[in-house]
2 protein chains.
Amino acid sequence: MRLSRKAECGTRALLQLAANYGKGVVPLSDIAAREGISVKYLEQLMMPLRKAGLVTGTRGALGGYSLKKPPWEIRIGELLRALEERLEPTDCSGDLPSCERSGRCKARPLWVHLSRAVQRALDELTLQDLLRQGPPVSD
Amino acid sequence: MRLSRKAECGTRALLQLAANYGKGVVPLSDIAAREGISVKYLEQLMMPLRKAGLVTGTRGALGGYSLKKPPWEIRIGELLRALEERLEPTDCSGDLPSCERSGRCKARPLWVHLSRAVQRALDELTLQDLLRQGPPVSD
DNA sequence: GGATATCCTATCACCCAACTATGATTTTTC
DNA sequence: GAAAAATCATAGTTGGGTGATAGGATATCC
């Protein structure tokens, strides 16, 4: 039940962009220095985020990345679904049955239940929420 | 954010034992046949479950496994924590800081929040709940 | 004693996540 | 216009963990 390092680093990178929202672009070299992640690796994380419409990159000198939407409109679930291709706990977490056993499988409802709990936990938070430290709805 | 196959198969195996609770032991060969999992693999799943005090194995002919506690007293979180050594989404999900960045890390509260959501989702269900099909608190 | 089952340890094989490397393209500065 | 700075794209490598098998030791029933 581990989150990939891709998801972890991608989130941290986006938080850096969020902290700079409205103040221009941030080059990956800055984020790399602050977070201790290689530029090359960051580039790979930005690709799916760009395709998901969460960030825009401006090329050339003085270029960099910036959020495409304000931090309070970007849900954590949104960015993690872009970074983590398989966010569900198992293959049997979806609404429609996936394996031939699903009819009589007593465990399937559990995977669905767990998956929903995760989605809910991630979608109730935005980047903005994390910026002002401490999860707002922390039990 | 995938659950290991170990956790998945282990849960299905325990559900078989739960279905037979109070009616004697179940040999792994039975579970193997019903769930399509090899006996040798099941053996490995039973080891941590036994150490966690969830099942007992009786050796010899007519032997097999049985639950050590009634199904309504075994929480899913309990068994998954036994099967999955690292159930937390990241290394930074615990209450005490793990990495040197944790002080200023804006992402850390997120991992804690997510971890708690998962634990809660798993601990609010018992094997018994799964036996009578359909998660009880499925929003 | 033979059959059946759990218990225990070792080992293999493979997949994939985590990077690194290389290069192309675009834009700004001087 | 050249050099530098940055994103964009893809290919390749490698280590570790997971899934699974193998073989045997131990215990129990008939």
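Naming: A, B, ... by sequence-line order, numbering from 1 per chain.
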*Value in whole Å for how far the P atom of dT21(D) lies from CG of L45(B)*: 12 Å
*Could you state the CD1-P distance from I37(B) to dA20(D), rounded to the nearest angstrom?*
9 Å
*Euclidean distance, L122(B) CG relative to L114(A) CG, rounded to 0.5 Å*: 5.0 Å
*Side chain of A61(B) (C-beta onward), nearest among dT4(C), dT20(C), dA20(D)*: dT4(C)
*asked:* Tell me the interatomic distance from E84(A), atom CD, to dC16(C), atom P, rounded to whole angstroms.
replied: 14 Å
*When you check the phosphate oxygens OP1 and OP2 of dC8(C), does a side-chain N or O of R50(B) lie under 4.0 Å from one of them?*
yes
*Side chain of R12(B), backbone of E35(B): donor and acceptor closer than 3.5 Å?*
yes
*Answer yes or no: is there a donor N or O on one side and an acceptor on the other, between the side chain of E73(B) and the main chain of P70(B), under 3.5 Å?*
no
*Could one point to a donor on the side chain of E85(B) or the base of dT18(D) with an acceptor on the other under 3.5 Å away?*
no
*Which part of the nucleic acid, if any, lies within reach of G60(B) when heavy atoms closer than 4.0 Å are counted: base, sugar-phosphate only, or nothing?*
base
*Any R2(B) side-chain N or O less than 4.0 Å from OP1/OP2 of dA17(C)*: no
*Name the nucleic acid region contacted by M46(B), choosing base, sugar-phosphate or nothing; use a 4.0 angstrom heavy-atom cut-off, strictly under.*
nothing
*Interatomic distance, Y41(A) OH vs dC8(D) P [rounded to whole Å]*: 18 Å
*Taking only the side-chain heavy atoms of P27(A) (C-beta and beyond), determine which of dT7(D), dT10(D), dA20(D) contains the nearest atom.*
dT7(D)
*What integer distance in Å separates D30(B):CG from dT4(C):C1'?*
12 Å
*Starting from C1' on dC16(C), measure out to CE on M1(B) and report it in whole angstrom.*
19 Å
*From the list dG19(D), dT4(C), dT7(D), which nucleotide is the closest neighbour of the side chain of K6(B)?*
dG19(D)
_Using salt bridge (Lys or Arg N to Asp or Glu O under 4.0 Å), reason through E8(B) and R5(B) one step at a time and then give a plain yes or no._
CA-CA 5 Å; E8(B) 189 185 327; R5(B) 191 169 147 74; 5.0 Å; no
*Sort out for me which residue in D129(B), D123(B), L127(B) forms a side chain to side chain contact (heavy atoms under 4.5 Å, CB included) with I76(B).*
L127(B)
*Mapping S29(B) and C9(A) to their closest nucleotides on DNA chain C, which lands nearer the 5' end?*
S29(B)
*DNA chain D: L62(B) or A7(B), which has the more 5' nearest nucleotide?*
A7(B)
*Quick one: the side chain of K40(B) and the base of dG19(D), do they pair up donor-acceptor inside 3.5 Å?*
no
*Nearest-angstrom distance from the residue atom CG of L42(B) to C1' of dG19(D)*: 13 Å
*Does T58(A) place a side-chain N or O at less than 4.0 Å from the phosphate oxygens OP1/OP2 of dA6(D)?*
no
*Rounded off to whole Å, could you give me the CD1-to-P distance for the I31(B) and dA5(C) pair?*
12 Å
_Given dT7(D), dA20(D), dC7(C), the nucleotide with the shortest approach to the side chain of R59(A)_ = dT7(D)
*Going by the side chain to side chain contact (heavy atoms under 4.5 Å, CB included) test, name the single residue among V25(A), L49(A), V55(A) that passes it with L67(A).*
V55(A)
*May I ask you to verify whether the side chain of E43(A) and the base of dT20(C) hold a donor-acceptor pair under 3.5 Å?*
no
*May I ask you to verify if any side-chain N or O of Y65(A) is less than 4.0 angstrom from the OP1 or OP2 atom of dC8(D)?*
yes
